[in-house]
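Just so it is clear, the values below take in all heavy atoms, side chains as well, and ignore hydrogens, waters and symmetry mates.
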2 protein chains.
Amino acid sequence: MKIRRSERLIDITYYLLEHPHTLISLTYFSKKYGSAKSSISEDLSIVKRTFAERDLGFLETLPGAAGGVRYIPKMSEARALEIVEDLCQKLSESNRLLPGGYVYLSDMLGNPDILRKVGRIIASKFSNENVTAVMTVATKGVPIAQAVAYNLNVPFVIVRRDSKITEGSTVSVNYVSGSSERIEKMELSKRSLARGARVLVVDDFMKGGGTVNGMKGLIEEFEAELAGICVFAESRFTGQRVIDNYHSLLCVDAVDTHTRTISVRPGTYFEDEQQKES
Amino acid sequence: MKIRRSERLIDITYYLLEHPHTLISLTYFSKKYGSAKSSISEDLSIVKRTFAERDLGFLETLPGAAGGVRYIPKMSEARALEIVEDLCQKLSESNRLLPGGYVYLSDMLGNPDILRKVGRIIASKFSNENVTAVMTVATKGVPIAQAVAYNLNVPFVIVRRDSKITEGSTVSVNYVSGSSERIEKMELSKRSLARGARVLVVDDFMKGGGTVNGMKGLIEEFEAELAGICVFAESRFTGQRVIDNYHSLLCVDAVDTHTRTISVRPGTYFEDEQQKES
């Protein structure tokens, strides 16, 4: 049975979205649909153009016998900023204020629609960085890590502050919690990260940067490389931050427990590389 | 500018995949593309047919003025069984064996490709159950919960065994850990679950069922309803299980630390409702 173009376009779109950052040969599609490579090639240029026009991502085409296509989930910075401005508004709702000036954000980190967008935004920034693993710390960083890993199509690993018998041998590091100056310990299962991995560190919230710094230490212990750091939200911090060169989507500027106001603005993700404070 | 059918089909497919379980009106697409509703209607029937033929999910069409379409991610049980049989093989690799007869599975729970499939499989079983929230317990249940929540398009909530100041007021329950007979405590942020919610409970691994039973207790405390229970893997348990009426994708039948073998077979997900052991 002959497969019509319309059906191929639907199935190709579906397949690409399920297989981001994966090289797929023309031959694969040609066999799947019993269609000539020239037809598939035309299909793919329609998909490529539509994705580009509608800000749905980038379809990379590799010519030659070993060629094919690779779908790179991407979002323009303009669209990302729109989304983050919405999130800023959501995060500044006064009923999020918790005792001690903490801000409740677990609902946002459990919302599939927000996570899909956040994952896409963070992955866009690092899509050319040859990331081979995403790392975060339990528990609230996990949804961010998974959302980003879905878009980059690489595994994510979870660093823990407690030991678990179901993790096997682990490597642990001590780190200084930036805000409280306490010494803490974190560990990662030894088999979860390969030597030479290119690791993107993500987390839900950063204050002094101690936790992120701990993860940097773990990456060194594993003889892996840091590919980048991105947090969902950071809070303004008066002390000396232990890390620089990170990205944040949102920045909590001020929390006033008397007037019950939370001021949030877009984070360093949207700053020019040159302008960024060190 | 006139939008051609081929472009509409690509964009519609993309949009539906990003908005599962969401009613989208014909008017929305008609305005988006500046096309007549009759054309959109034809587009949608092509999408519906292609999704059905290729086991990509179900496109529900609602007629009338308030009508539209809703994309229900679904996978046939035959395809689900193929995937789970692959996972069984992967889980029975002898190098997963940990001291004490535990089985390492963190790598599987950090693999986007596996999680995408597992999320789709679990969501397929509960797509008609009016689930409004997915619940799990930290930390290793989180990836499963997120994967399922993506497919059902509902929020997921994370029950914790430790208290966190960033969660606000919580409700806690005590529960008996089925395997060790110890009394433990778990808690959930008060604002994370609405009264009357229909909750699907998921977890990575179940032995005696104590943890899942604790979550059932929490659901009662919140005056919510249990919509179903599904775990990634269960292990054969010789004692009396504290819960029945659950689904598992994989069942670890036996672990032999001498011969270093792990026997895994597809779980109760694939049993007929009648045949299922109570």
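A donor-acceptor pair shorter than 3.5 Å cannot be found between the side chains of B:Thr139 and A:Lys164.
Heavy atoms closer than 4.5 Å to chain B are found nowhere in A:Ala145, neither backbone nor side chain. Proximity to chain A involves both the backbone and the side chain of B:Ser192, based on heavy atoms less than 4.5 angstrom apart. In this structure, the portion of B:Val154 lying under 4.5 Å from any heavy atom of chain A is its backbone and not its side chain. Contact annotation for A:Leu56: both backbone and side-chain heavy atoms come within less than 4.5 Å of a heavy atom of chain B. Of the two parts of B:Ser106, only the side chain, counted from C-beta on, holds a non-hydrogen atom closer than 4.5 Å to a non-hydrogen atom of chain A. Only the backbone of A:Leu109 comes within contact range of chain B, with at least one heavy atom under 4.5 Å from a heavy atom of that chain. Both the backbone and the side chain of B:Pro143 have a heavy atom closer than 4.5 Å to some heavy atom of chain A. For B:Val142, the parts lying near chain A are the backbone and the side chain together; criterion is any non-hydrogen pair under 4.5 Å. Residue B:Arg5: no heavy atom, backbone or side chain, is found under 4.5 Å from chain A. There is no contact between A:Val157 and chain B, counting heavy-atom distances below 4.5 Å. Contacts of B:Asp107 with chain A are absent, with no heavy-atom separation under 4.5 Å from either backbone or side chain.
For the atom pair CZ (B:Arg191) and CG (A:Leu98), the distance works out to 5.5 Å, reported to the nearest 0.5 Å. Note that CG of A:Asp204 and OG1 of B:Thr166 are 7.5 Å apart. Values are rounded to the nearest 0.5 Å. Here CD1 of B:Ile10 is found 10.0 Å from CD of A:Glu53. Values are rounded to the nearest 0.5 Å. Of the inter-residue distances, the one linking A:Phe51 atom CZ with B:Asp11 atom CG reads 9.0 Å to the nearest 0.5 angstrom. Atom CD of residue B:Glu18 and atom NZ of residue A:Lys117 lie 9.0 Å apart, to the nearest 0.5 angstrom. Here the CG-CG distance, from A:Leu17 to B:Leu16, works out to 11.0 Å after rounding to the nearest 0.5 Å.
For the pair A:Arg54 and B:Tyr14, the cation-pi criterion (under 6.0 Å, within 45° of the ring axis) is not fulfilled.
A salt bridge links A:Glu7 with B:Arg49: the closest approach of a Lys/Arg side-chain nitrogen to an acidic carboxylate oxygen falls below 4.0 angstrom.
More than 12 heavy atoms of other residues, nucleotides or ligands shown are found within 6.0 angstrom of OH on A:Tyr15.
Residues A:Thr50 and B:Arg4 fail the side-chain proximity criterion, which asks for heavy atoms closer than 4.5 Å.
Among B:Val134, B:Asn151, B:Leu115, the residue making the largest number of heavy-atom pairs under 4.5 Å with chain A is B:Leu115.
When all heavy atoms of B:Gln146 and A:Ala147 are compared, the closest pair comes out as NE2-N, 3.7 Å. Nearest approach of A:Pro112 to B:Ala149, heavy atoms of both residues: CG-O, 3.6 Å.
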